[in-house]
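Worksheet: the structure to be examined is printed underneath.
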Amino acid sequence: MLSSQIPLPDTEWGATEFEARALRTLLGHYPTGVAIVATRTADGRNVGLTINSFASLSLEPPLVLWSLVNHSPNLPAFRDCAYFTISILGCEHQELALRFANPRVENKFRDIPVQETPEGVPSIGGAIATLVCANHQQTHLGDHLLMIGHVKRIASIEGKPLVFHSGMFTVLHDVREI
């Protein structure tokens, strides 16, 4: 079927008034990867949280972005850090993603493999990809702080990514031509 032959929905095209929850549900239809962003505070405490707001921004120079809600207790740590890591999780890391997403877990790094980068920030051992980023630029937009990182170092291993879609974790499956 050609795109010009795709029927439009039976409802009026495009709601212009909607609740934030409706927008969140709609955006959940777009699958995203799952990562843990981490840094170390000036007093030596590791800070990390699960994100799915991560995206590539530029290859020249190498820039990535992610965002953090303005009311996060971790905002000062990331706002003020010199470096942070983004550890892209594999499909076997669902429990780790939940742990770092839970604000009630006091020491999220306890009993997990952590590797320290030469820049002195923690990264998650066993992640399928890790980016070490300099805290390049920040901008407050809406209810989030947009963090732009200048990629300084990368590492990866084989593995399938953990994916978040429609409020649930899932994995990618190979699609074979018929």
Side-chain angles (χ1 to χ4, degrees), residues 27-28 30-69 72-139 141 144-165 168-174:
L27 293 173
Y30 186 72
T32 62
V34 182
I36 292 174
V37 64
T39 194
R40 183 166 290 140
T41 62
D43 63 1
R45 184 175 55 90
N46 289 343
V47 177
L49 53 103
T50 301
I51 60 170
N52 67 344
S53 61
F54 168 67
S56 170
L57 179 60
S58 170
L59 296 177
E60 292 294 330
L63 301 174
V64 295
L65 60 84
W66 64 281
S67 63
L68 182 59
V69 67
S72 171
N74 297 307
L75 188 94
F78 286 103
R79 181 193 61 219
D80 300 337
C81 72
Y83 294 94
F84 56 84
T85 59
I86 298 174
S87 300
I88 299 172
L89 301 182
C91 60
E92 69 278 7
H93 293 131
Q94 181 176 335
E95 291 303 316
L96 199 55
L98 290 169
R99 177 184 197 161
F100 276 79
N102 186 343
R104 292 182 297 275
V105 175
E106 288 186 33
N107 185 354
K108 296 175 182 178
F109 292 88
R110 178 178 289 149
D111 300 326
I112 65 163
V114 175
Q115 298 173 329
E116 184 168 322
T117 70
E119 293 77 11
V121 291
S123 68
I124 304 301
I128 62 171
T130 301
L131 300 94
V132 179
C133 302
N135 190 348
H136 179 69
Q137 187 175 341
Q138 309 165 7
T139 304
L141 294 169
H144 278 66
L145 177 66
L146 180 65
M147 301 282 299
I148 298 173
H150 187 214
V151 180
K152 297 297 186 179
R153 184 183 307 276
I154 60 173
S156 66
I157 61 174
E158 289 294 318
K160 290 189 179 228
L162 183 61
V163 176
F164 194 70
H165 177 251
M168 299 184 326
F169 291 108
T170 188
V171 296
L172 298 176
H173 299 280
D174 293 334

* Do Thr50 and Asn52 pass the side chain to side chain contact (heavy atoms under 4.5 Å, CB included) test, and can you show the C-alpha distance, the side-chain angles, and the key distance before you say yes or no? -> CA-CA 7 Å; Thr50 301; Asn52 67 344; over 6 Å; no
* Asked: If you draw a 6.0 Å radius around CG in Leu141, do more than 12 non-hydrogen atoms from other residues or ligands fall strictly inside?
  -> yes
* When you look at CD1 of Ile154, are more than 12 heavy atoms from neighbouring residues, nucleotides or ligands closer to it than 6.0 Å? -> no
* side chain to side chain contact (heavy atoms under 4.5 Å, CB included) with Ser53: which residues, sequence neighbours excluded? -> Ile51, Trp66, Ser67
* List for me each residue that meets side chain to side chain contact (heavy atoms under 4.5 Å, CB included) alongside Pro76, sequence neighbours excluded, and say none if there are none. => Arg79, Asp80
To check you understand the geometry: which heavy-atom pair defines the closest contact between [X] and [Y], and what is its length?
{"X": "Leu75", "Y": "Leu68", "answer": "CA-CD2, 3.7 Å"}
{"X": "Asn135", "Y": "Cys81", "answer": "ND2-O, 2.9 Å"}
{"X": "Gln137", "Y": "Thr139", "answer": "NE2-OG1, 4.2 Å"}
{"X": "Met147", "Y": "Phe84", "answer": "CE-CE2, 4.1 Å"}
{"X": "Phe109", "Y": "Ala38", "answer": "CZ-CB, 4.0 Å"}
{"X": "Ile112", "Y": "Arg99", "answer": "CG2-NH1, 3.2 Å"}

* Hey, could you give me the CG/CG distance between Leu49 and Asn102, rounded to the nearest 0.5 Å? => 12.0 Å
* Hey, does the side chain of Ser123 reach the backbone of Gln115 with a donor-acceptor pair shorter than 3.5 angstrom? -> yes
* Would you confirm whether Lys152, through its side chain, and Val132, through its main-chain N or O, come within 3.5 Å as a donor-acceptor pair? => no
* To do: Any salt bridge (charged side-chain N to carboxylate O under 4.0 Å, His left out) involving residues 115-124? Give me the pairs, sequence neighbours left out, ordered by first then second residue.
  => Arg40-Glu116, Glu119-Arg153
* Only pairs at least two apart or in different chains count here, so list each salt bridge (charged side-chain N to carboxylate O under 4.0 Å, His left out) that has a residue in residues 41-60. => none
For a quick test of your reading: what N or O donor-acceptor pairs under 3.5 Å do the side chains of residues 85-95 make, sequence neighbours left out?
unit_1 : atom_1 : unit_2 : atom_2 : d
Thr85  : OG1    : Pro122 : O      : 2.6
Ser87  : OG     : Ile124 : N      : 3.1
His93  : ND1    : Gly90  : N      : 2.9

* Side chains of Gln138 and Leu145: closer than 4.5 Å at any heavy-atom pair? -> yes
* Asked: Which residue pairs satisfy the ring pair (Phe, Tyr, Trp, His ring centres under 6.0 Å) criterion with at least one member in residues 145-164, sequence neighbours excluded?
  -> His136-His150, Phe164-Phe169
* What do the steps show when you test Thr170 against His165 for side chain to side chain contact (heavy atoms under 4.5 Å, CB included), and what is the final call? -> CA-CA 7 Å; Thr170 188; His165 177 251; 4.2 Å; yes
